[in-house]
Amino acid sequence: MVRLVRFDEEHFEATRCWLTNSARLREQIDCLLGPTRSGNEAYWRANLKDGTREDYAILTAAGHVGNCGLNEIDSKRGKAQLWIYLGTQEGSGIGGKAVRALLARAFDELALERLYIRVLFSNPRAYAFYKSLGFVDEGRLRHDTVHNNVYVDSFLLSMLSGEYKMLRLGHTGNTP
């Protein structure tokens, strides 16, 4: 079972530990440095006040295993950016369930038209994951970020509400 609950102070410390202890996770999500306790708290407290975000903790029977959400929510333009990462239990199917819950939130409840995600070129596994869920390539953002003093490109992927509805109905083919 996977549940999404609103991210709150009780999720700060696990999040900080995941990012402090895993350079690989930091690189995957474009976090340049491991957070300090005070820096992590300040970051999340600001996010909790940001009306253009919905941040969630991902919970399973094992407890808090990751975070996800929607940011840059623009109801007038009908779009938002999706984000997710797992601190534990990667490769267990939890990420797919969490993303599907976010898709339902974005398209069914918030009535958005477009959801997009940025995936670092150095993370081909994530790219394949989002493609398998029905996200469509929009392009490549050249020299989008930097890691270890090397510029890294990102892929931009998106899903439109009509594509989501087709997926829910089980249609496949050229239109996801």
Transitive ILVMFWY side-chain link Leu167 to Leu82, under 4.5 Å: yes
Test item: Arg100 side-chain N/O and Gly96 main-chain N/O as donor-acceptor pair under 3.5 Å: yes
Testing the basics here: between His64 and Leu59, what is the closest heavy-atom pair and its distance to 0.1 Å? CA-CD2, 3.5 Å
Relative to each other, are the rings of Phe155 and Phe121 parallel, tilted or perpendicular (30° and 60° limits)? tilted
pair Arg168-Phe107: side-chain heavy atoms closer than 4.5 Å: no
With a cut-off of 3.5 Å and sequence neighbours excluded, list every side-chain donor-acceptor pair involving residues 2-9.
residue: Glu9; atom: OE2; partner: Arg45; partner atom: NH1; Å: 2.7

Minimal heavy-atom distance between Leu120 and Ser154, with the atoms involved, is CD2-OG, 3.2 Å
Shortest non-hydrogen pair, Ser158 vs Glu163, comes out as O-OE1, 4.3 Å
Against Tyr116, only a single residue in Glu72, Gln81, Glu138 fulfils side chain to side chain donor-acceptor pair (under 3.5 Å); can you say which? Glu72
Rounded to the nearest 0.5 Å, what's the gap from CD on Glu41 to OG1 on Thr15? Could you check? 11.0 Å
Does any part of the side chain of Leu110, heavy atoms only, come nearer than 4.5 Å to the side chain of Leu70, both counted from C-beta? yes
Is any side-chain heavy atom of His143 less than 4.5 Å from a side-chain heavy atom of Asp153? yes
Minimum heavy-atom separation for Met159 to Leu103, with atom names? SD-CD2, 3.9 Å
Distance col, row Glu109:CD vs Leu102:CG, nearest 0.5 angstrom, shows 10.5 Å
Side chain to side chain, Asn47 and Tyr43, heavy atoms closer than 4.5 Å: yes
Checking the side chain of Asp137 only, and the main-chain atoms of Leu157 only, is there a donor and an acceptor separated by less than 3.5 Å? no
CA sep, side-chain torsions, deciding dist, call: Glu113, Ser161, side chain to side chain donor-acceptor pair (under 3.5 Å): CA-CA 5 Å; Glu113 174 57 23; Ser161 64; 2.6 Å; yes
Pairwise side-chain contact, His11 with Asp55, heavy-atom cut-off 4.5 Å (strictly under): no
Check whether Met166 and Leu160 end up in the same hydrophobic cluster, where Ile, Leu, Val, Met, Phe, Trp and Tyr are linked by side-chain heavy atoms less than 4.5 Å apart. no
Minimum heavy-atom distance between Ala98 and Ile84, given as atom pair plus value: CB-CD1, 3.7 Å
Calculate, to the nearest 0.5 Å, the distance between atoms CD1 and CZ belonging to Ile73 and Arg105 respectively. 7.5 Å
Rounded to the nearest 0.5 angstrom, the CG-CG distance for Asn71 and Asp50 is 8.0 Å
Check the hydrophobic clustering (I, L, V, M, F, W, Y; side-chain heavy atoms under 4.5 Å; chains of links allowed) and say if Phe129 and Ile94 are grouped together. yes
With a 4.5 Å limit on heavy-atom distance, are the side chains of Val99 and Phe135 in contact? yes
Ile58 to Tyr85 - nearest heavy-atom pair and separation: CD1-O, 4.3 Å
Measuring from Leu141:CG to Leu156:CG, what's the distance to the nearest 0.5 Å? 5.5 Å
